[in-house]
Asks: 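Take a look at this one; I'll ask things after.
Every chain is numbered from 1 and lettered A, B, ... according to where its sequence line falls, protein lines coming before strand lines.
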Amino acid sequence: MGWFSGSKTPKNDWSAMSTVINTEAKLQSLGGITPSRRAGVIYRNDEEIPFMKEIKSELNSVLYIGDGATKTAFEIEDDDRGMRWIVLEDGNFGDLVSSVYTVGNAIGMNEGSDNLLAAVFELYFTGTVEDNTYRSGLRTYWIYRYDRKAFYPFVPTGESEGERDRQTEARLGQDLRKHGLTIEKSLTEWMGLWGIPF
Amino acid sequence: MLRFEVMILSSTTTRKFHKDRGLVTRMYFTMFMLGFLYAIFALFLYAAGTAMIFIAPIVGIMVAVQYFMSDRLILMSTGAKQVSSEQNPELHRMVKTLADRYEIPIPKVAIIDTAIPNAFATGRNPKNALVAVTTGIQKRLTERELQAVIGHELAHVANRDMRVLAIANFLVTLTSFLMTMLFWNMLFGGMGGRRNNNGGGVMMVYLVTIIVYFIGQLLVLALTRYREYGADHTGAEISGDPGALADALEKISGTVNTIPDKDLRKLQTANAFLVIPAALKGEGSMNLFSTHPPLEERIRRLRELEQRMRYGLR
């Protein structure tokens, strides 16, 4: 795939993002989370950039054509804050992460590196492992910030800005780091994304 | 220098609760002033020609008075008001239940009327122990968390940390006192001895005094930090719930509150937010001298313990 061979250094970082695969697998083997199927890439849309203008067909060729294509289903959604989301769904978590990486990389390699904001994974806790700490059915997002090359958990408690469960997030951050996820160390950088469209 | 033997829950200042310093500062200021007073008094006696044989017991008596009066001095310097079981039955019940679990006499209970969340224990032995909590910590914490905090303070009492600290402090104070006396002796040739003209020797003694004092202080601080981890551990073992204290520490330390309200989409450009480097937060250098280990480290250890207890890997 030509997207990986460009001379410009890609803005996202596979080694940091891929830690999510092992962490998800570990937590699943502990019985702490249900298999995750959904993720998204959020970026600031700019119709002046040809790749973004033709995002749907471009992503179709990136995700569906060629050997080893993940064939992950995707949808394009614009939120009310002027951002575009590529929402991806795949029953195979490894493929899902690979597709998220591919989408981000494709945007980054095509003049969009400054527009990329974050990749977001949705994970549900079942509470069987962390029964003291995480309530069953707790929905969490693991946000990967492209500029920081690191993850942090996000647990919104409402739709408006500032409504989040900080204590659970702090705790979760420690647990996820313990299980190998690259976590953003500075809590002040753990900015939320309210109204995630999935 | 003399010290109060107090185990404070959290002496860390945070951005959220700058005034947290107040409680600790007042205690240390009072203690510093007392030490200063003793030193001046001893020097005055010495200058007036009183023999060392008399000065030492007088200073000793003053130290002893402070030791036995320390709980009252602490109440005075922190503004803590002792409350009876009628005035605050819930808090008393909680302290009593926990004291029974630790198999120690029920300590006195005091409240400090301030929004700053903190707590401390003091008293030269379990019989004379006192536990104080601020109104702020009562308001902020859940019952489970407050129990963990009081459990931590009672662990200090049960472990006799105040006495350990008092002995350590006494040894340091005694050493530096003797060294100071030796220094003055060499300088002025007191006790009828001949004047020592060896300036280098005086400097040496002076330097050694400072080094001994410095090392002594570091040892006391290290000891305090060690007892702090110990109390965290004891508290966790008694309650079986290490997570409760970790939750409480997270809550009162305000670190959790640094997680922003801001939406990521409000960032204009990728680099605009690499603003404040961690160095500006001024952490790290205080580690050696702070009586309390860094909260992050305490929380980390508690979480680890929580994990171990949960999976039965004790």
Asks: Taking atom CD of E143(B) as the centre, does the number of heavy atoms from other residues, nucleotides or ligands within less than 6.0 Å exceed 12?
Replies: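 No, not enclosed.
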Asks: With a 4.5 angstrom heavy-atom cut-off, could you sort out which part of Q174(A) is near chain B: side chain, backbone, both or neither?
Replies: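 Only the side chain of Q174(A) comes within 4.5 Å of chain B.
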Asks: Working to the nearest 0.5 angstrom, can you tell me the gap between R166(A) CZ and K251(B) NZ?
Replies: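 Output value for this atom pair is 13.0 Å.
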Asks: Salt bridge or not for D80(A) and R265(B), using N-O below 4.0 Å?
Replies: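 Salt bridge absent between D80(A) and R265(B).
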Asks: Got a second to check how far R145(A)'s CZ is from L264(B)'s CG, nearest 0.5 Å?
Replies: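 These two atoms lie 5.5 Å from each other.
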Asks: Which answer fits R164(A), side chain, backbone, both or neither, if we ask what part of it has an atom under 4.5 Å from a heavy atom of chain B?
Replies: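 Contact with chain B is through the side chain of R164(A) alone.
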Asks: Sort by residue number and list every member of residues 83-93 of chain A having a non-hydrogen atom under 4.5 Å from chain B.
Replies: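 Listed by number: M83(A), W85(A).
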Asks: Rounded to the nearest 0.5 Å, what's the gap from CD1 on I259(B) to CD on Q167(A)? Could you check?
Replies: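 So the gap between those two atoms works out to 9.5 Å.
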Asks: Pick whichever of G82(A), G162(A), G192(A) has the most heavy-atom pairs under 4.5 Å with chain B.
Replies: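 Between G82(A), G162(A), G192(A), the count favours G192(A).
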Asks: Counting distance only, does the side-chain N/O of R303(B) pair as donor-acceptor with the main-chain N or O of D175(A) below 3.5 Å?
Replies: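 Checked: no pair found.
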Asks: With a sphere of 6.0 Å drawn around NZ of K53(A), does it hold more than 12 non-hydrogen atoms of other residues, nucleotides or ligands?
Replies: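 Not buried by this count: 12 neighbours or fewer within 6.0 Å.
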Asks: Near E75(A) CD, under 6.0 Å, is it more than 12 heavy atoms from other residues, nucleotides or ligands?
Replies: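 Check fails, neighbour count at 12 or below.
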Asks: If I compare all heavy atoms of P260(B) with all of W190(A), which pair ends up nearest, and what's the gap?
Replies: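 Closest approach of P260(B) to W190(A), heavy atoms only: CD-O, 3.5 Å.
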Asks: Side chain from CB out, backbone as N, CA, C, O: work out which of these in K185(A) comes under 4.5 Å of a heavy atom of chain B, or both, or neither.
Replies: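 Neither part.
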Asks: What is the distance from atom CZ of R81(A) to atom CG of D263(B), rounded to the nearest 0.5 Å?
Replies: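 Taking CZ in R81(A) and CG in D263(B), the distance rounds to 5.0 Å.
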Asks: So with a 6.0 Å cut-off around CD of E159(A), is the heavy-atom count from everything else above 12?
Replies: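 12 or below, so no.
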